[in-house]
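One structure is given here, and the rest of the page talks about it.
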Protein chains: 2
Amino acid sequence: MNIGEIARRAGVSRSTVSYALSGKRPVSEDTRRKIQQVVDELGYQPSASARALANGRTSTLGLVFPPAGSHYTGMQLDFIGSVVEAAAAYDYDVLLSPSGVDSDRSFQRLLGERRVDGAILMEIRLEDDRVEHLATLDFPSVAIGRTARPESGWWVGLDHTALVERCVHHLADLGHRRVAFVNRPEQLLQTGYESAHRGLEGFTKAAAERGLTVRTYCCGDDAASGQTCVERILHDDPATTALVTLNEAALGGLYRGLAEAGRHVPRDFSVTGVVAGRWAETVTPQLTAADVPAAEMGRLAVDLLVERLDHPDAPPRHHLLTPPISLRASTGPAGTTPTADAAPDTTA
Amino acid sequence: MNIGEIARRAGVSRSTVSYALSGKRPVSEDTRRKIQQVVDELGYQPSASARALANGRTSTLGLVFPPAGSHYTGMQLDFIGSVVEAAAAYDYDVLLSPSGVDSDRSFQRLLGERRVDGAILMEIRLEDDRVEHLATLDFPSVAIGRTARPESGWWVGLDHTALVERCVHHLADLGHRRVAFVNRPEQLLQTGYESAHRGLEGFTKAAAERGLTVRTYCCGDDAASGQTCVERILHDDPATTALVTLNEAALGGLYRGLAEAGRHVPRDFSVTGVVAGRWAETVTPQLTAADVPAAEMGRLAVDLLVERLDHPDAPPRHHLLTPPISLRASTGPAGTTPTADAAPDTTA
DNA sequence: GGGGTGAGTCGAACCGGTTCGGCGAAGCTA
DNA sequence: TAGCTTCGCCGAACCGGTTCGACTCACCCC
């Protein structure tokens with residue numbers, strides 16, 4: 001069922017069928033109806049490969065995310081979902097590519113074999129060879145996250161620095177003086193993972209401004225690591241009364257660690273951070289946090305990419321988001337005797 | 001940088017370049033080296049579109065999952081991740097298509113425009129028009145989940161019936177007599193969502209065998225719904241001492257509802273179900289559950305699909321998984337006075 | 001009535017690969 | 001040395017669309 005078959009049955013030439021379907025040249029109403037009828041009868045749909053070859057566009061966007069290896073966070077899931085849906089609204093398909101670095105085979109395929117018209121990159125590092133590579137190639141792409149030199153690029157990012165600062169100020173306002181920071185895994189920090197660095201930066205800065213006593217920790221992306229991390233925190237400084245975290249996946253473990261140490265949240269210990277809203281509402285007490293608007297970010301990234309594809313010479317654009325902190329139930333005033341062990345809990 | 005360019009620079013014909021690269025016909029060692037050198041210099045990679053057009057294969061698999069609308073569960077995320085990785089190992093890319101039903105435009109594109117060589121379907125319903133459509137077309141596909149008539153198809157599924165039965169028997173063995181079942185949202189049950197139906201079936205069957213008093217509930221895929229659901233359960237039958245759930249996303253809410261009702265898990269109330277291991281370990285106390293091996297299922301689905309693509313006439317195959325229940329900390333013997341309100345908790 | 005105009009259609013070239021048939025040279029046998 | 005095979009390579013056709021230039025015809029106007 002190719003275009004030649006349609007042409008033959010409609011008694012016209014292949015080019016006429018093409019023009020009738022694309023509307024790029026006028027076709028008489030009669031022939032157009034005849035062609036449409038044949039197309040409907042046979043359920044003809046033009047081959048994506050042939051069309052891509054002919055006009056050089058694949059109508060496909062690449063979504064580059066790090067290889068799972070272990071596990072994804074909920075945030076990443078929301079990104080993927082929203083990107084796919086937003087792309088569908090523009091009639092683009094989405095091709096997934098698990099590539100952490102520029103040299104990955106999957107990444108090379110995406111670009112070298114011209115499988116996609118543009119790409120969205122996730123899990124950006126401050127020095128990201130993928131971003132730079134695409135920039136030098138002038139390949140249409142949008143990053144979810146920003147590198148150390150964001151001015152010239154297309155991206156949508158979260159202002160982790162500001163968000164974590166706000167968390168710290170929130171805690172300081174509540175009277176907390178000894179606060180811990182629970183970051184993403186050490187390996188991510190070392191490879192220059194953006195949110196880990198900027199979050200840490202915001203934490204350090206705000207803590208200095210408020211004269212807080214702080215410690216910072218890296219923590220694996222799972223509950224067990226979270227629990228261990230709390231144990232370390234309370235071991236290193238039992239007078240700690242609050243923590244700020246970027247680590248969604250460890251959150252449940254952090255809560256468990258606190259509970260096992262006899263610290264009641266929020267009476268004895270406050271917890272806050274930057275976490276997707278869905279997760280913040282899953283834990284008990286619900287987490288006071290800057291809710292990561294992952295779905296919105298995915299949508300914005302697609303918007304930007306499509307704009308860039310439609311206007312190849314448009315100047316770079318970006319969106320830096322700073323969602324407000326949602327006050328829930330995991331933070332409270334610092335106790336008067338922060339080092340005291342928690343008393344048995346008799347609240348309902 | 002097309003194949004003609006390579007041919008010219010290497011002083012051979014286009015077909016020779018093609019054969020040199022594919023190895024489908026012998027090429028002298030000299031010319032092969034010469035060609036390889038030019039290819040390396042220019043960093044040539046053949047166009048995926050052209051290749052797809054020529055040999056009729058796209059080297060792409062479609063992954064069809066329901067439109068997010070609201071949100072995805074952690075399980076789905078794990079599927080997606082493992083499918084992409086497994087596909088990459090076979091040199092296939094993965095194209096995402098958000099389609100709940102056969103008539104979705106995205107789904108039509110995938111098939112009609114021949115964008116993919118095969119498809120993996122998620123979120124299967126007992127009567128699934130997508131599965132049937134693909135079957136009548138003899139289009140290579142593998143379902144993650146099985147329909148009401150699974151014998152003739154290619155699929156990898158979880159034996160929800162058996163798993164939920166085991167959960168019920170586990171609770172019955174512990175002495176629980178009044179048990180609730182927390183299913184996925186009502187809308188999914190009504191549309192014939194497989195796991196919801198088979199899980200419910202297993203629950204009903206095992207409860208009858210053990211002579212338990214049971215109630216079944218549908219629950220939205222979020223924490224707030226979980227909390228509400230527990231309130232309903234305890235309102236409908238305050239003597240309920242345990243629940244079984246399929247609803248990962250509501251789990252945190254279920255725990256919160258129990259805590260607010262003063263029921264301590266596992267002393268006053270036992271919780272179990274079918275949930276991805278990562279989630280089971282996030283809640284406190286950790287959930288005794290049949291861990292959904294999402295990553296393994298994704299991998300197996302790709303294995304099956306690739307096998308089907310390589311051997312178009314191979315007879316249908318499938319994998320029905322029945323992972324063991326992981327005993328964690330959320331279930332315990334039924335209390336002697338199950339209706340009593342929980343006493344203040346003084347355990348460490 | 002001749003020439004210009006524009007609508008509608010066609011044929012051919014092209015996108016960038018793959019693959020088939022055949023051809024010339026070299027090597028081997030008789 | 002003629003004849004046959006084998007090896008290595010080439011040219012051309014093909015996959016299924018898009019697009020450009022040109023052609024035909026009807027119509028209109030001076």
Side-chain angles (χ1 to χ4, degrees), chain A residues 1-39 42-60 91 93 108-117, chain B residues 1-39 42-60 91 93 108-117:
Chain A
M1 330 273 140
N2 56 24
I3 201 174
E5 180 73 13
I6 304 295
R8 201 150 39 70
R9 300 211 190 196
V12 298
S13 74
R14 301 196 307 147
S15 51
T16 300
V17 174
S18 179
Y19 287 125
L21 293 179
S22 71
K24 295 192 179 177
R25 275 199 193 177
V27 170
S28 79
E29 191 51 32
D30 277 3
T31 49
R32 134 173 248 83
R33 253 202 306 274
K34 177 63 186 159
I35 289 171
Q36 191 59 51
Q37 182 188 333
V38 175
V39 164
L42 272 63
Y44 166 76
Q45 286 180 267
S47 145
S49 306
R51 173 173 285 172
L53 177 58
N55 61 22
R57 304 183 349 111
T58 60
S59 295
T60 303
D91 272 330
D93 284 323
Q108 292 296 333
R109 267 168 61 119
L110 218 63
L111 295 194
E113 302 186 359
R114 284 144 286 172
R115 287 179 123 77
V116 299
D117 297 333
Chain B
M1 329 276 139
N2 54 28
I3 200 174
E5 180 73 14
I6 304 296
R8 199 152 38 73
R9 301 212 189 195
V12 297
S13 74
R14 303 197 304 148
S15 50
T16 301
V17 175
S18 179
Y19 288 125
L21 293 180
S22 72
K24 295 192 179 177
R25 276 199 193 174
V27 169
S28 79
E29 190 51 31
D30 278 2
T31 50
R32 130 174 255 83
R33 254 202 306 275
K34 177 63 186 158
I35 289 171
Q36 190 60 50
Q37 183 188 330
V38 175
V39 164
L42 272 62
Y44 166 77
Q45 287 181 265
S47 148
S49 307
R51 175 173 284 172
L53 177 59
N55 60 21
R57 303 183 351 113
T58 61
S59 295
T60 303
D91 272 328
D93 284 323
Q108 292 297 332
R109 267 169 62 119
L110 217 64
L111 295 194
E113 302 186 359
R114 283 143 285 171
R115 288 180 123 76
V116 299
D117 297 335

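Just so we're on the same page: letters track the sequence lines, and every chain starts at 1.
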Whole angstrom value for the distance that separates C1' of dG17(D) from CD of Gln45(A)
14 Å

For residues Asn2(B) and Arg14(B), determine if any side-chain heavy atom of one lies less than 4.5 Å from a side-chain heavy atom of the other.
no

Check whether any side-chain heavy atom of Gln45(A) sits under 4.5 Å from a side-chain heavy atom of Leu111(B), and report yes or no.
no

Between dC9(D) and Thr16(B), is there an OP1 or OP2 to side-chain N/O distance shorter than 4.0 Å?
no

Side chain of Asn55(B) - closest among dT19(C), dG17(D), dC9(D)
dT19(C)

N or O in side chain of Ser13(A) less than 4.0 angstrom from dC10(C) OP1/OP2:
yes

Counting only side-chain heavy atoms from C-beta out, which of dG8(D), dT9(C), dG16(D) sits nearest to Pro26(B)?
dG8(D)

Ignoring backbone atoms, establish whether Ser49(B) has a side-chain N or O less than 4.0 Å from OP1 or OP2 of dG16(C).
no

Can you check whether Lys24(B) has a side-chain N or O nearer than 4.0 Å to OP1 or OP2 of dT18(C)?
no

Side-chain atoms of Ser28(B) come closest, of dC10(C), dT18(D), dG8(D), to dG8(D)

Rounded to whole angstrom units, what separation is found between the CE atom of Met1(B) and the P atom of dG17(C)?
12 Å

How would you label the contact of Thr31(B) with the nucleic acid (heavy atoms, under 4.0 Å): base, sugar-phosphate, or nothing?
sugar-phosphate

Can you tell me which nucleotide in dG17(D), dG16(C), dC10(C) comes closest to the side chain of Ala54(A)?
dG17(D)

On the side chain of Ser18(A), is there an atom forming a donor-acceptor pair with the base of dG17(D) - under 3.5 Å, no angle test?
no

Between the side chains of Asp117(A) and Thr58(A), does any donor sit under 3.5 Å from an acceptor?
yes

Round to the nearest Å and state the distance from Glu113(B) atom CD to dG16(D) atom C1'.
13 Å

Hydrogens and angles aside, do Ser13(B) and Thr16(B) bring a side-chain donor and acceptor to less than 3.5 Å of each other?
yes

Would you tell me if any nitrogen or oxygen in the side chain of Arg51(A) comes within less than 4.0 Å of OP1 or OP2 on dT18(D)?
yes

Evaluate side-chain hydrogen bond (donor to acceptor under 3.5 Å, both in side chains) for Thr31(A) paired with Ser28(A), printing each intermediate quantity in order.
CA-CA 6 Å; Thr31(A) 49; Ser28(A) 79; 2.9 Å; yes

Check whether the side chain of Tyr19(B) and the base of dC10(D) form a donor-acceptor pair under 3.5 Å.
no

Looking only at the side chain of Arg25(B) (C-beta and beyond, no hydrogens), which of the listed nucleotides dG8(C), dG17(C), dC20(C) gets closest?
dC20(C)

Grab the CG-P distance between Leu21(A) and dG16(D) for me, whole Å please.
16 Å

Classify the side chain of Ser15(B) and the base of dG11(D) as holding, or not holding, a donor-acceptor pair under 3.5 Å.
yes

